[in-house]
Amino acid sequence: MSDGARPAPRPRTPQGAARSAVVIGGGLAGITAALALADAGVRVTLLEGRPRLGGLAFSFQRGELTVDNGQHVYLRCCTAYRWFLDRIEGTALAPLQDRLDVPVVDVAKPEGRRLGRLRRDPLPVPLHLGRSLAAYPHLSLAERAAVGRAALALKGLDLADPALDTQDFGSWLADHGQSARAVEALWDLVGVATLNAVAGDTSLGLAAMVFKTGLLSDPGAADIGWAHVPLGELHDRLARRALDSAGVRTEVRSRVTSVSAMENGGWGVEVPGERIETDAVVLAVPQREAYELLPPGALDAPERLLGIGTAPILNVHVVYDRKVLARPFFAALGTPVQWVFDRTRASGLRSGQYLALSQSAAQDDIDLPVARLRARYVPELERLIPGTRGAVIEDFFVTRERTATFAPTPGVGRLRPGARTKAPGLYLAGAWTATGWPATMESAVRSGVSAADAALRALGRPRPSRLFAFEEAA
Ligand SMILES: Cc1cc2nc3c(=O)[nH]c(=O)nc-3n(C[C@H](O)[C@H](O)[C@H](O)COP(=O)(O)OP(=O)(O)OC[C@H]3O[C@@H](n4cnc5c(N)ncnc54)[C@H](O)[C@@H]3O)c2cc1C
């Protein structure tokens, strides 16, 4: 328990009283499920093993800096995460760009740095990106034309076709005339950051979902948003405030050790020192933990959860003694550096500048010692950002998330279970469940909504009118 004292075990809810639910896991999926259930009048207990809420998207203190474990961005098309921000009253703290604009700096050529931009015009799809693509200097004219043709072919793919999940995106791109350069300078530039894998390691189904939704649905779909405050301000402090005012009993440092069905149809949830009896359980923990906690018979093939791989993300944090970069962020080519964000204001740094490098699909780097990472990345930053050349580095550190996301490999789709299990009253949530989205904050929130929807139906409670509504299929 957060305060060290555990109340005595509570009896199961008597007949006719408010129904109860326990949500296990205080990441975005669990927070969402807890809020949705509480908003419907269910008595909710949220149990989180760590000392804070927010799961994989959190902050910690390092001297005067408040550091995010990893830079997180979302897109305008992330409608569920945007609903979540609204629900916790955090929208103003994580604004969206008015219009997609990504500076892309290429340092591959010996003659020096070259800046390109991926941005949109106020035109209908696909014309909104036409001018930017036509002027994109990191691809030849022929490559730009081929990209346009591949985008149209992508648009024609049917996301409901399960065969898409059996193929890899890299082969599909090659079959559609994409050069290695086009993959590096465009498809992987976006895909690695959103899917956490290079095209060759990615399910065509997931990649098509990302590119169709982000770039080929609504003109503003790919406008980028990110927290201008530490992630913990949103996913821990504001989320906690929303949970408290919805009446959720939230317990951190409460690691669940078992979930078992009771003879009366309810569920028993054990944390050290307490057993909670409840009508419904939402298991919103990562797939391995879910596998370990699932009671026998809850899924037909529970071992499939162990087949869902994971992929790492590394963040490299560099604090300079002076301002070295004028832009809020940029993407890089021709260097191991992927995306660079200015975290100065968000972290509370009062002088100098704090840059965070977000390195996805970081299998090669994730276990390197800090000194090796420093030797690798500092000279690259000097190539990319001239202002760093005379600057003093006041702090250099890294954050490693070895299981940042599930690996979006071909075939992963059939391993991801939905919210319902075979055990009545037991539901699954988590970015890794079958939301159709890659492992993102959007997927986590969607999964929490789906689990709450399923639980509410079984508990006979009305869906709260302010809950995120899934789009009707076209
Ligand atoms: C470095 C990094 C960068 C990322 N970048 C982006 C990005 O730019 N955009 C984006 O959309 N997404 C990004 N993601 C992914 C995003 O953070 C996750 O998809 C999302 O936060 C997952 O939420 P979740 O609730 O499904 O799972 P989690 O966040 O994993 O939450 C599960 C929770 O369950 C708890 N738990 C586990 N076992 C137990 C137990 N037995 N009892 C109680 N509690 C338990 C855990 O402590 C954890 O808090 C990034 C992730 C990382 C790590």
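Atoms within a ligand are numbered from 1 in the order they appear, just like the ligands themselves. These values consider heavy atoms only, across backbone and side chains, with no hydrogens, waters or symmetry-generated copies.
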For this session: Please state which part of M441 comes within less than 4.0 Å of ligand 1, counting heavy atoms only: side chain, backbone, both or neither.
Result: both
For this session: Consider ligand 1: state whether an atom of it lies below 4.0 angstrom from any non-hydrogen atom of Q71.
Result: yes
Problem set entry | N or O pair under 3.5 Å between A404 and ligand 1 | no
Problem set entry | Minimum non-hydrogen distance to atom 48 (C) of ligand 1, winning option of E48, E442, R52, R50 | E48
For this session: Kindly say whether the aromatic ring centers of Y320 and Y354 come within a distance under 6.0 Å.
Result: no
Problem set entry | ligand 1 versus A284: contacting region, heavy-atom distance under 4.0 Å | backbone
Exercise. If you measure every N/O of V285 against every N/O of ligand 1, is any gap under 3.5 Å?
Worked result: no
For this session: Would you please determine whether L293 falls within less than 4.0 Å of ligand 1 on a heavy-atom basis?
Result: yes
Seminar exercise, completed: Filtering V256, L231, L28 for the heavy atom nearest atom 40 (C) of ligand 1 leaves V256
For this session: Please say whether A444 places an N or O atom under 3.5 Å from an N or O atom belonging to ligand 1.
Result: no
Problem set entry | Any non-hydrogen protein atom less than 4.0 Å away from atom 12 (N) of ligand 1 | yes
Problem set entry | Proximity to ligand 1 by part of I24, non-hydrogen separation under 4.0 Å | side chain
Exercise. Backbone, side chain, both or neither: what part of I313 comes under 4.0 angstrom of ligand 1, heavy atoms only?
Worked result: side chain
Exercise. Ligand 1 versus H72, non-hydrogen atoms closer than 4.0 Å: side chain, backbone, both, neither?
Worked result: both
Exercise. Is S254 near ligand 1, meaning one of its heavy atoms is under 4.0 Å from it?
Worked result: yes
For this session: Report yes or no: does P286 have a heavy atom closer than 4.0 Å to ligand 1?
Result: yes
For this session: May I have the step-by-step check of salt bridge (Lys or Arg N to Asp or Glu O under 4.0 Å) for D223 and R120, ending in yes or no?
Result: CA-CA 9 Å; D223 300 343; R120 74 169 170 98; 2.8 Å; yes
For this session: Give the residue, atom name and distance (to 0.1 Å) of the protein heavy atom nearest atom 25 (O) of ligand 1.
Result: A29 N, 2.9 Å
